[in-house]
Amino acid sequence: MVQDLRSAQWYGGDDRNAYIHRAWMRRGLPADAFSGRPHIAIANTASDLTPCNAHLNEVAAAVRDGIFEAGGIPLNLPVVSLGETQVRPTAMLWRNMAAMATEEMLRANPIDAVVLLGGCDKTIPSLLMAAASVDLPAIVVPGGPMLTGTFRGAPLGCGTDVWRLSEEVRGGQLSQDDFNRSESSMIRSRGHCNTMGTASTMGLLAEALGTVIPGLAGTPAPDSRLLEGAHATGKLVVDLIEADRRPSTILTRAAFHNAIVTLAAIGGSTNAVVHLLAIAGRLGVNLTLEDFDVIGAGVPLLVNLQPAGTYLMDDLYRAGGLRAVLGQVIDLLDGAAITVTGKPLVDYLHDAPIWDPDVIRLRSEPLIPDAGIAILRGNLAPDGAIIKPAAASPHLLQHRGKAVVFNTIEDLHARIDDPDLDVDADSVLVLRGCGPRGYPGMPEVANMPLPRKLLEQGVRDMVRVCDGRMSGTAYGTVVLHVTPEAAVGGPLALVQDGDFIVLDVAARRLELEVPDDVLKQREPSTAMLDGLANPTRGWERLYVDHVQQADTGADLDFLVGGSGSAVSRESH
Ligand code: FES
């Protein structure tokens, strides 16, 4: 009955306000649209400026058909969309803004549930953060990866191969002309990056969290089965209202446990750490950095995808997809976690065959036996830092080297190829001022380019330390998310050229070999402080005043938690 639906608070009754709400919405809707049929938003991040999501209007149409078929009223709701490759200074600056704007529009409008359409890196995290804070029934349809492009007969992994090819140009192994020619082959079709970058990771994790119909995540964007899944999602979301199945029902600690196991098994992006922490924070789920280390410990890397391996997302889908991967680690999952269907995630994993065991490895033949993200602590990162051993060089996981410090991204670009830079293969490159507050927005700059003179000598990896993030498509021995960041007084601000830094991943340590009494006498680098952004108005001002550190998900302090879906006042 209409009285039981949230939307009835707008549309029910015969008074003037209900008249206004109904009359302006009629516009061709069926006569019974306001008589007990649920109204469902399709939160749509389609945008020409988010190329990875540009196809989502077609996906929305399939969702729309499914909602109508199940008796609901579908309502397109364009929401803030973030194109990872387009927006400056970094899409991460706007993740919380997108989440806040979506949250407010879901709450403010007469809707009973929402279908979330995302794809590119920040879009699924921001949508899930928003849905968690409003806590209306919600299902995600991940937009899916693009098909594999090829260049000179070889597959191109977008993102990963950009880094690789650009380093080959700088190292003199690839001509500028060939590099330019590869550009038109990189993006073969609609869809998001086809490596195991952040978009692929978050789409798969959304399913591991239970917020996607099992088996749908990872379906390539041009594949007709994506539209079939979108249609089924539209039908299912209507049932969710009747079942009163909400994000708070699904996104329990057990669900986050399963997401962390999945993150390790797929070799997912380090960005998932800040996103999962932020989503958990919206729900009051007590998730910590250490959970990633403890739950991920001993989870094998089973997915042979770039950047840790060879293949691409198209291959993962062909080989059996996420369900086949999770079937191999079913004993590590928490069977209590349910999905949007109401059934436990583990119920979907028993009959999921592996069709290509080189792409999806058997548990007995992993790429790496222990693929969890390692959480480092020490006097250089008192509140933690992270490293992805699966993307690092094994010989550098225990390393001691002299710091070469860069105070801003501009400083790095200006000096990294200077033939006189005092650096060798054992040096530790340090980049600071790139945390949430400092840049602002915690950009993906931690995977610093290597000095040209070392590339020419054949060096392909070095230890790098930064308070920023790293692209999920990148690789290397990179210590990132150093917390507290330099801009808020973290010890990273005190490092000087020539200081020894010790990385010991097995012992989970990141240390600056400078005596405490010497460190206490040092002041934060003025060059770093001078390079910090100092926005005076708008979102950036709000952001720098309220953003929290990476170890809790870099959400704004006043956005942690939720406000539910209640609206206290009428609009007239
Ligand atoms: Fe959108 Fe990579 S740029 S997913």
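We count ligands from 1, going down the list as the structure has it; atoms in each ligand are counted the same way. These numbers come from the heavy atoms of this one structure, side chains and all, not from hydrogens, waters or symmetry mates.
With rounding to the nearest 0.5 angstrom, the CG atom of Leu251 is 5.5 Å from the CG atom of Leu283.
Of the residues Thr102, Asn53, Thr50, the one that meets the side chain to side chain donor-acceptor pair (under 3.5 Å) test with Thr45 is Asn53. When the options Asn304, Leu312, Val303, Thr473 are evaluated for a side-chain contact (heavy atoms from CB on, under 4.5 Å) with Met196, the one that passes is Val303. Only one option out of Thr477, Val478, Ile373 pairs with Ile387 in a side-chain contact (heavy atoms from CB on, under 4.5 Å); it is Thr477. Under the side-chain contact (heavy atoms from CB on, under 4.5 Å) rule, Val273 has a single partner from Ile386, Asp551, Ile260, which is Ile386.
A side-chain donor from one of Thr198 and Ser269 sits under 3.5 Å from a side-chain acceptor of the other.
Screening the protein for N, O or S atoms under 2.8 Å from atom 2 (Fe) of ligand 1 yields 1; no waters enter the count.
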